[in-house]
Protein chains: 2
Amino acid sequence: MTLSQKSTAPDIKTTAETIQTEILQRICFLDYPPGTQLKEAELAAEFGVSRTPIRDAIGRISHLGLVETRNGVGTVVVALSAAQIRHVYDMRLELAPMIGTMSPRGITETDCEIGQTLLQDAKVLCSAFDSRKYIEINHRLHVLITSLIGNGTLRSFWWQTYCQAASTWYLVSSQRDLEMARALVAELGEINTALELGDVTAIGFIQRTHIGYGYQRIKTHLLSREGE
Amino acid sequence: MTLSQKSTAPDIKTTAETIQTEILQRICFLDYPPGTQLKEAELAAEFGVSRTPIRDAIGRISHLGLVETRNGVGTVVVALSAAQIRHVYDMRLELAPMIGTMSPRGITETDCEIGQTLLQDAKVLCSAFDSRKYIEINHRLHVLITSLIGNGTLRSFWWQTYCQAASTWYLVSSQRDLEMARALVAELGEINTALELGDVTAIGFIQRTHIGYGYQRIKTHLLSREGE
DNA sequence: GACTCCAAACCTGTATGCAGCTTAAGGATT
DNA sequence: AATCCTTAAGCTGCATACAGGTTTGGAGTC
């Protein structure tokens with residue numbers, strides 16, 4: 001085959017792509033909470049580039065629905081509506097079990113080590129909660145799980161829904177800190193068991209279970225009185 | 001709620017977004033078969049704009065994996081690898097049944113009329129096959145079905161996988177013309193029945209069934225000897 | 001004749017300038 | 001004092017110019 005010859009240049013990301021990842025992460029991490037206005041000129045100054053790559057980056061993530069750009073006004077980070085949150089979570093509930101069934105890659109020694117490290121870090125949160133650290137641990141966990149997915153399409157979708165759900169979910173986490181920390185430790189405990197047994201299917205179902213829990217928390221603390 | 005006030009400007013698409021849709025359609029319709037080089041300057045001249053909106057449009061569809069841009073070389077339409085095709089089809093097989101289960105919108109009179117029109121047009125193909133018309137009918141069918149999906153996330157994913165699968169699938173259709181035309185008529189017949197009964201769930205399963213058939217054809221005629 | 005090396009052509013990536021749109025503030029009028 | 005209108009500031013959308021990278025073809029050499 002002529003394509004996929006990435007031997008010479010493995011992953012030389014262009015400036016715009018790097019910025020794209022950074023901006024998306026900032027939205028997910030609530031560094032840019034909903035309502036934040038992303039000014040191209042401002043970001044350009046921060047990254048030391050012109051407006052062009054900034055525009056590229058924002059344009060590339062626009063399909064996730066997390067930002068809205070209007071001419072003459074600006075680009076603002078939008079909070080997903082209650083209906084959209086429901087849609088994303090309903091989808092994640094369906095996708096989770098597929099993680100283990102759609103040609104996953106094998107679990108390596110490294111995966112187990114990462115899992116253990118995450119559990120250690122999560123335990124610390126139970127005694128001294130830190131919203132930022134909670135977000136980072138969760139993010140690393142999702143990087144790990146996503147990497148287990150062998151089906152590229154599912155991997156892409158799984159990551160897309162994670163990004164869409166993240167900011168809302170992290171918003172709740174700041175309200176129910178201890179509860180969330182304990183839930184994370186429990187989840188990581190189960191995941192480590194599955195990792196050691198090499199059972200990716202189990203990981204899928206564990207995810208499905210805990211997404212359900214998270215969904216319930218969001219419904220309780222955020223969507224309780226909102227309408228359609 | 002403060003957002004979603006599209007009353008004043010319903011859908012004023014920017015130039016780049018219009019071009020984005022057009023380019024993506026050309027890729028799906030095989031107007032740009034795999035290997036085609038998309039030169040920004042050339043497209044800019046055709047659409048009567050500068051390179052900037054063209055770049056925007058291409059950048060926005062890059063996440064589908066249908067194009068690959070390399071600095072100094074150009075942007076080329078890529079054929080999905082055998083593994084990627086498998087991934088996309090495996091995913092579509094899973095997504096199809098969800099069409100009817102994840103909060104679909106109701107079926108209207110208009111939907112039934114569109115379905116009937118499509119069936120009429122498809123029947124013509126059985127006596128006089130025309131690859132282009134086959135593609136267009138299929139496209140209109142997918143627009144219809146996608147519009148039935150109430151869950152926005154699923155709708156987005158369903159459309160993404162359609163775009164990814166389309167060009168490969170249409171490539172096969174040009175080889176097995178009569179077989180494909182008859183299959184389309186059969187599919188549309190079933191779909192019209194489901195439409196008249198107002199049963200979106202049935203439509204999901206009909207899709208699932210016929211995607212399976214299409215997958216088999218692709219495996220037989222395209223992936224038979226290719227490796228991983 | 002075959003091979004090497006260099007240069008020109010061509011493409012994308014980025015910077016910058018301008019036009020159009022939106023908003024908000026301030027002054028004039030009622 | 002309230003309201004309307006004008007004007008200026010700020011942002012995005014687009015056009016254009018330049019820089020960096022890649023390929024290709026031909027001249028020169030062995």
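Proteins get letters first, then strands, A, B, ... in listed order; numbering begins at 1 in each. Every value quoted in this text rests on a predicted model; they were computed, and no experiment measured them.
In this entry the distance linking CD1 of B:I54 with C1' of C:dC11 reads 15 Å, nearest Å. Protein atom CG of B:L43 is 17 Å distant from nucleotide atom P of C:dC10, rounded to whole Å.
Among the heavy atoms of the strands, none lies under 4.0 Å from A:I58. At a threshold of 4.0 angstrom between heavy atoms, the contacts of B:Q37 with the nucleic acid are absent.
Phosphate contact (OP1/OP2 of C:dT14, side-chain N/O of A:T15, threshold under 4.0 Å): present. Contact annotation: A:S50 does not reach the phosphate of C:dG13 (side-chain N/O to OP1 or OP2, under 4.0 Å). Side-chain nitrogen and oxygen atoms of B:R70 include none within less than 4.0 Å of the OP1 or OP2 phosphate oxygen of C:dC11.
B:N71 meets the side-chain contact (heavy atoms from CB on, under 4.5 Å) test with no other residue; sequence neighbours excluded.
Think of the region where chain B sits on DNA chain D: with heavy atoms and a 4.0 Å cut, that region ends 5' and 3' at D:dG13 to D:dT22.
In this structure, A:Q84 contributes its side chain and A:S81 its backbone to a donor-acceptor pair below 3.5 Å.
Closest approach of B:Q164 and B:L66 over heavy atoms only: CA-CD2, 4.1 Å.
Aromatic ring orientation, B:F129 versus B:Y134: tilted (interplanar angle from 30° to 60°).
Every pair passing ring pair (Phe, Tyr, Trp, His ring centres under 6.0 Å) that includes a residue from residues 28-76 of chain A is listed here, sequence neighbours excluded: A:F29-A:H139, A:H63-B:H63.
Taking for each of A:A16 and A:V73 the nucleotide of DNA chain C with the nearest heavy atom, the 5'-most of the two is the partner of A:A16.
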